[in-house]
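Read the structure below first, then the notes.
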Amino acid sequence: MEVNRTLLTEFVLRGITDLPELQIPLFLVFFFIYITTMVGNLGLIFLIWKDPHLHTPMYLFLGSLAFADACTSSSVTPRMLVDILDHDKMISLNECMAQYYFFGSSATTECFLLVMMAYDRYVAICNPLFYLVVMSNRVYTCLISVSYIIGFLHPLVHVGLLFRLTFCRYNIIDHFYCEILPLYTLSCTDPSINALVVFIFSAVIQAITFTSIMVSYACVLFSILKTKSEKGRSKAFSTCSAHLLSVSLFYGTLFFMYVSPGSGPNKYKDKMYSLFYTIVIPLLNPFIYSLRNKEVLGALRKLIKS
């Protein structure tokens, strides 16, 4: 049988399910989740911008994280909502690369912002007397800028390597967005180099950022245990527990997506990790950080009363 060598420039995103009876319920659920995600994250950014008491490094990092979450959700969900109602579900190769780039950029940025937030908590709890010196306006501006610059550059490597591939097989991407691993299965060029680069970059970035976070919080934990004040311990644990919960959700999902055994392009079939990472975590983060934070809740009450 002769292989069809016609080069493909358009693909079909299969989506979450092919069952017609689930399309409308799924649209309504994900539309509600997206609206809630954007209100939660953009609302948190507005609250931090509006209240002068929240103009501290901790909350500016949190505002930057909320922006990255909003970008992650917006890179995937609107297109998925359109595809749920669209029977064709067609996406061009350029649109596919663009979607992956914006998703990869915001995801990488979030990795490094979580490190910066852990470092900020380390300085605040372990070296409180030097906090204002160490975390000056210039320092935290540089840390946030570095996170976004790395986020901007990292996916360029993978998008650039996509140009070495040609696509001439079936054009169905068994996913709800242009995730890079399922895209490799459609290539009629050997994607081994691409897959290896994804694995190496993902493993290195996750190892460096996760280890940095764990070291920071190990130091924080020892410092908290030395604190004699019960009130001081409670406040420190409250601040750090929200961050650790967010980190656990984020890195747990990333690990299973890109680094765990069986996550290669030929075996990548489970969409649940991607669904959780791209849609659920951006929804949860603003609530994880806000509901137990008295200063954020106080600023919200003040805004409502004004």
Side-chain angles (χ1 to χ4, degrees), residues 6-15 64 67-80 82-83 89-113 145-209 250 253-259 263-268 271 273-275 277-279 281-282:
T6 303
L7 297 183
L8 301 173
T9 58
E10 288 190 324
F11 302 93
V12 176
L13 288 171
R14 180 169 286 175
S64 298
F67 180 73
D69 276 330
C71 290
T72 298
S73 184
S74 295
S75 68
V76 173
T77 313
R79 176 77 202 200
M80 184 179 70
V82 171
D83 287 340
K89 305 179 189 290
M90 298 295 294
I91 185 169
S92 70
L93 180 59
N94 290 335
E95 287 175 323
C96 202
M97 289 182 178
Q99 185 183 47
Y100 173 75
Y101 173 79
F102 286 112
F103 162 74
S105 179
S106 55
T108 306
T109 300
E110 188 162 345
C111 282
F112 285 92
L113 283 174
S145 299
V146 166
S147 299
Y148 277 98
I149 289 170
I150 296 174
F152 173 78
L153 294 176
H154 170 232
L156 284 178
V157 175
H158 305 301
V159 171
L161 283 173
L162 278 175
F163 284 102
R164 67 176 286 273
L165 302 181
T166 53
F167 301 91
C168 59
R169 298 177 183 173
Y170 55 93
N171 68 337
I172 299 174
I173 300 175
D174 189 12
H175 218 289
F176 58 88
Y177 76 102
C178 273
E179 167 54 24
I180 202 165
L181 296 180
L183 191 61
Y184 291 160
T185 64
L186 309 183
S187 174
C188 51
T189 309
D190 183 9
S192 300
I193 294 175
N194 298 62
L196 180 63
V197 170
V198 168
F199 176 84
I200 291 172
F201 271 70
S202 299
V204 169
I205 288 174
Q206 288 179 50
I208 291 173
T209 55
F250 184 85
T253 309
L254 273 183
F255 177 81
F256 284 110
M257 279 176 67
Y258 293 114
V259 182
S263 64
N266 293 327
K267 298 180 181 179
Y268 188 77
K271 302 172 188 176
Y273 295 129
S274 297
L275 193 66
Y277 171 66
T278 57
I279 294 174
I281 290 178

Do [X] side-chain atoms and [Y] backbone N/O form a donor-acceptor pair below 3.5 Å?
| X | Y | value |
| --- | --- | --- |
| Thr209 | Phe112 | no |
| Thr72 | Ala68 | yes |
| Thr185 | Pro182 | yes |
| Lys89 | Asp83 | yes |
| Ser106 | Phe102 | yes |
| Tyr177 | Tyr100 | no |

Spacing of [X] atom [atom1] and [Y] atom [atom2] [to the nearest 0.5 Å]:
| X | Y | atom1 | atom2 | result |
| --- | --- | --- | --- | --- |
| Thr108 | Ile149 | OG1 | CD1 | 13.5 Å |
| Phe199 | Leu181 | CZ | CG | 11.5 Å |
| Glu10 | Cys96 | CD | SG | 11.5 Å |
| Thr166 | Leu186 | OG1 | CG | 11.5 Å |
| His154 | Ile205 | NE2 | CD1 | 3.5 Å |

Leu156, CG: over 12 other non-hydrogen atoms inside 6.0 angstrom: yes
Indicate whether any N or O donor in one side chain lies under 3.5 Å from an N or O acceptor in the other, for Ser92 and Asn94. no
For [X] versus [Y], what's the shortest heavy-atom pair and its separation?
| X | Y | result |
| --- | --- | --- |
| Val76 | Gln99 | CA-NE2, 3.9 Å |
| Pro155 | Ser105 | CG-N, 3.6 Å |
| Ile279 | Phe176 | CD1-CE1, 4.5 Å |
| Ser202 | Val198 | OG-O, 2.7 Å |
| Leu161 | Asn194 | O-ND2, 3.0 Å |
| Ile173 | Leu183 | CD1-CD1, 3.7 Å |

Taking C-beta and beyond as the side chain, do [X] and [Y] meet within less than 4.5 Å on heavy atoms?
| X | Y | value |
| --- | --- | --- |
| Met90 | Asn171 | yes |
| Arg164 | Ile193 | yes |
| Phe250 | Cys111 | yes |

Between Tyr148 and Phe67, what is the ring plane arrangement, given parallel below 30°, perpendicular above 60°, and tilted in between? tilted
So that I know where these two stand, are Phe103 and Tyr277 an aromatic pair - ring centroids less than 6.0 Å apart? yes
